[in-house]
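Sequential numbering from 1 along the given sequence is applied to the chain's residues.
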Amino acid sequence: QVQLVESGGGLVQAGGSLRLSCAASGSIFSINFMGWYRQAPGKQRELVAVITSGGNTNYGDSVKGRFTISRDNAKNTVTLQMHSLKPEDTAVYYCNAETIYRSDYNNFIPFDAWGQGTLVTVSS
């Protein structure tokens, strides 16, 4: 299958910056969308940003102009650069990838992969 490993979360003061990274590994045939979602305590998971293999991006309204998503197709990685962080950005951030992987039987199987989550805490 496909595994996603995130890194880069932590504690930052309001107005600061953080960079999240996510690397996909496994028997990957292709990856269409890669992106980031977040879930704050007591709230539903929400879209932060997604990017296609062609570089088209889409952002959640609350992060537009502050966050930038980028991707390295050769390395199967996606990065989220976050600036001007606010306390309301505090959440667990999850990496997501819409993939197709090659099975042991040489079948091509769609697989929606999720990372384990990384905590971002923004103090006021």
### Intermediate values then yes/no, side-chain contact (heavy atoms from CB on, under 4.5 Å), L18 and F67
CA-CA 10 Å; L18 274 178; F67 293 8; over 6 Å; no
#### Entry: Nearest heavy atoms of S17 and H83, plus distance in Å
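That closest heavy-atom pairing would be OG-ND1, 2.7 Å.
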### Query
A40 and A91: which non-hydrogen atoms are nearest, and at how many Å?
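Here A40 and A91 meet closest at N-CB, 3.8 Å.
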### Task
Please state whether the rings of Y101 and F111 are parallel, tilted or perpendicular, taking 30° and 60° as the class boundaries.
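Geometry flag for F111 against Y101: perpendicular rings.
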### Task
Decide yes or no on side-chain contact (heavy atoms from CB on, under 4.5 Å) for R71 and I31, but give the supporting numbers first.
CA-CA 11 Å; R71 175 173 173 172; I31 303 178; 3.5 Å; yes
### Query
Out of curiosity, does L20 fall in the hydrophobic cluster containing V12 (side-chain heavy atoms, cut-off under 4.5 Å, transitive links)?
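Result: yes, single cluster for both.
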### Task
Identify whether V2 and I100 are in the same connected component of the hydrophobic contact network (ILVMFWY, side-chain heavy atoms under 4.5 Å).
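In one cluster with V2: I100, no.
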Can you find a heavy atom in the side chain of [X] that is under 4.5 Å from one in the side chain of [Y]?
| X | Y | answer |
| --- | --- | --- |
| V120 | D89 | no |
| Y37 | V50 | yes |
| V63 | R38 | yes |
| Y94 | R45 | yes |

Measure the [atom1]-[atom2] distance between [X] and [Y] for me, rounded to the nearest 0.5 Å.
| X | Y | atom1 | atom2 | answer |
| --- | --- | --- | --- | --- |
| I28 | Q3 | CD1 | CD | 8.0 Å |
| N56 | I69 | CG | CD1 | 12.0 Å |
| T68 | L80 | OG1 | CG | 8.0 Å |
| Q39 | E46 | CD | CD | 9.5 Å |
| I109 | S103 | CD1 | OG | 4.5 Å |
| L11 | T121 | CG | OG1 | 6.0 Å |

Indicate yes or no for a side-chain donor-acceptor contact from [X] to the backbone of [Y] under 3.5 Å, with no hydrogens or angles considered.
| X | Y | result |
| --- | --- | --- |
| N96 | M34 | no |
| Q13 | S123 | no |
| T90 | V122 | yes |
| N32 | E98 | no |
| Y59 | R66 | no |

### Task
Quick one: do C95 and W36 satisfy side-chain contact (heavy atoms from CB on, under 4.5 Å)? Show the steps, please.
CA-CA 5 Å; C95 179; W36 293 90; 4.0 Å; yes
### Query
Could you go step by step and tell me if S25 and V5 meet the side-chain contact (heavy atoms from CB on, under 4.5 Å) rule?
CA-CA 8 Å; S25 62; V5 177; 5.6 Å; no
